[in-house]
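Input: a single structure, listed below in structure tokens.
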Amino acid sequence: MKNKFYSFIQNLQDTITSKLEAVDGKALFKEDIWERPEGGGGRTRIIENGHVFEKGGVNISGVHGKLPDSMQKYFGVEDADFFACGLSLVLHPKNPMVPTVHANWRYFEMYDKNSAIVDQWFGGGQDLTPYYLFEDDAIHFHAVCKTACDKHHPEFYKTYKKRCDEYFYNAHRNEGRGIGGLFFDYCKATEIMTMENWYNFVTEVGNSFLECYVPIVEKRKDSPYSKEQRNWQEIRRGRYVEFNLVHDKGTLFGLKTNGRIESILMSLPPRVQWVYDHNPKAGSDEEKLIDVLKNPKDWV
């Protein structure tokens with residue numbers, strides 16, 4: 001399973017980066033191959049200062065070795081080895097009318113002293129973080145997510161949409177990071193879902209990403225915007241940074257397992273503002289966004 005899924009994310013990385021380069025029309029992804037001293041490595045691809053994308057990364061990794069002490073305590077195991085692989089992407093567009101997007105699809109195995117698999121699961125999802133709310137964009141993104149989910153279980157979209165709203169939540173701000181999408185974790189074999197079933201589901205979601213996002217980018221990338229709207233984008237990016245550094249489990253796992261810092265922190269945008277006690281004007285488009293972030297909607 002691990003070889004099969006790693007092969008999938010390698011191919012998906014190629015597909016996504018090729019399409020995004022075509023959409024941008026200026027910048028190309030720079031590739032960085034790296035190795036982890038404790039075992040494994042990855043292939044980082046970064047795009048910067050493009051026509052559409054100010055900064056973004058589409059990264060894959062496959063790491064293995066002894067599970068660090070902090071993670072052994074977290075999982076309640078002793079002397080365990082692990083293998084983890086996944087594709088993680090974040091794209092920060094230049095135009096504030098184009099939303100930031102994040103996606104991740106991953107697989108994890110844990111082994112006993114005899115190298116037998118004692119636990120395995122899939123996780124992942126994709127979510128949208130707009131700076132200005134266009135309801136048709138939100139509906140499109142969620143509709144594609146739902147279509148992918150419905151092929152595998154009638155309750156998946158409802159369940160994983162709710163989990164996404166709950167997970168990508170800045171509790172210290174009492175607001176969501178964005179308008180959600182899908183979030184699933186610890187997807188293990190059950191009487192209903194085998195690991196092969198989970199593989200088919202996760203790869204279906206991964207293959208749906210470009211359909212979720214690219215039509216929105218194409219529609220908004222040449223929209224006019226003001227300096228004030230750019231400032232708002234940078235203030236909201238600050239909330240994105242807060243979530244990733246305070247709450248995000250993937251970031252924390254990477255730091256605790258001696259992950260590669262440049263790859264872990266590639267999700268952070270290049271230009272950000274923190275303005276003291278900033279509040280949007282009543283009745284503004286900016287306030288409209290905040291209202292939805294505080295009160296998640298059912299888009300489809």
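All residue numbers in this chain count up from 1 along the given sequence. Remember, it's a predicted structure, so these values are computed and weren't measured experimentally.
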If hydrophobic clusters are built by linking Ile, Leu, Val, Met, Phe, Trp and Tyr wherever their side-chain heavy atoms come under 4.5 Å apart, do Met266 and Val101 end up in the same one?
no

same_hphob_cluster(Leu28, Ile46) at 4.5 Å side-chain heavy-atom cutoff:
no

So [Y] and [X], do their side chains get closer than 4.5 Å, heavy atoms only?
X      : Y      : result
Arg237 : Glu54  : yes
Ile117 : Met1   : no
Asp136 : Lys219 : yes
Phe134 : Met97  : yes
Val63  : Cys85  : no

For the pair Phe184 and Tyr160, name the ring-plane relationship: parallel under 30°, tilted 30 to 60°, perpendicular over 60°.
tilted

Check the orientation of His278 and Trp232. Use parallel for under 30°, tilted for 30 to 60°, and perpendicular for over 60°.
tilted

Please report the C-alpha distance between Tyr132 and Gln233 in whole Å, then the side-chain angles of each, then the deciding distance to 0.1 Å, and finally whether the side chain to side chain donor-acceptor pair (under 3.5 Å) criterion is met.
CA-CA 9 Å; Tyr132 287 90; Gln233 177 197 46; over 6 Å; no

Could you please spell out the steps behind the salt bridge (Lys or Arg N to Asp or Glu O under 4.0 Å) verdict for Arg45 and Glu21?
CA-CA 11 Å; Arg45 290 181 182 170; Glu21 286 178 345; over 6 Å; no

NZ of Lys2 to OG of Ser7, rounded to nearest 0.5 Å, is 14.5 Å

So that I know where these two stand, are [X] and [Y] an aromatic pair - ring centroids less than 6.0 Å apart?
X      : Y      : result
His92  : Tyr240 : yes
Tyr167 : Phe243 : yes
Phe5   : Phe122 : yes

Between Thr147 and Asp150, is a side chain to side chain donor-acceptor pair (under 3.5 Å) present by the stated rule, with each step listed?
CA-CA 5 Å; Thr147 297; Asp150 287 351; 5.8 Å; no

For the salt bridge (Lys or Arg N to Asp or Glu O under 4.0 Å) test, which of Lys161, Lys162, Arg163 pairs with Asp165?
Lys161

Surrounding NZ of Lys30 (heavy atoms of other residues, nucleotides or ligands, distance under 6.0 Å), is the total greater than 12?
no

Any idea which heavy atoms bring Asp127 and Arg177 closest together, and the distance?
OD2-NH2, 2.8 Å

Name of the residue among Phe156, Tyr186, Trp105 meeting ring-ring contact (aromatic ring centres under 6.0 Å, His included) with Trp198
Phe156

For the residue pair Ser208 / Gln126, report whether a side-chain donor-acceptor contact shorter than 3.5 Å exists.
yes

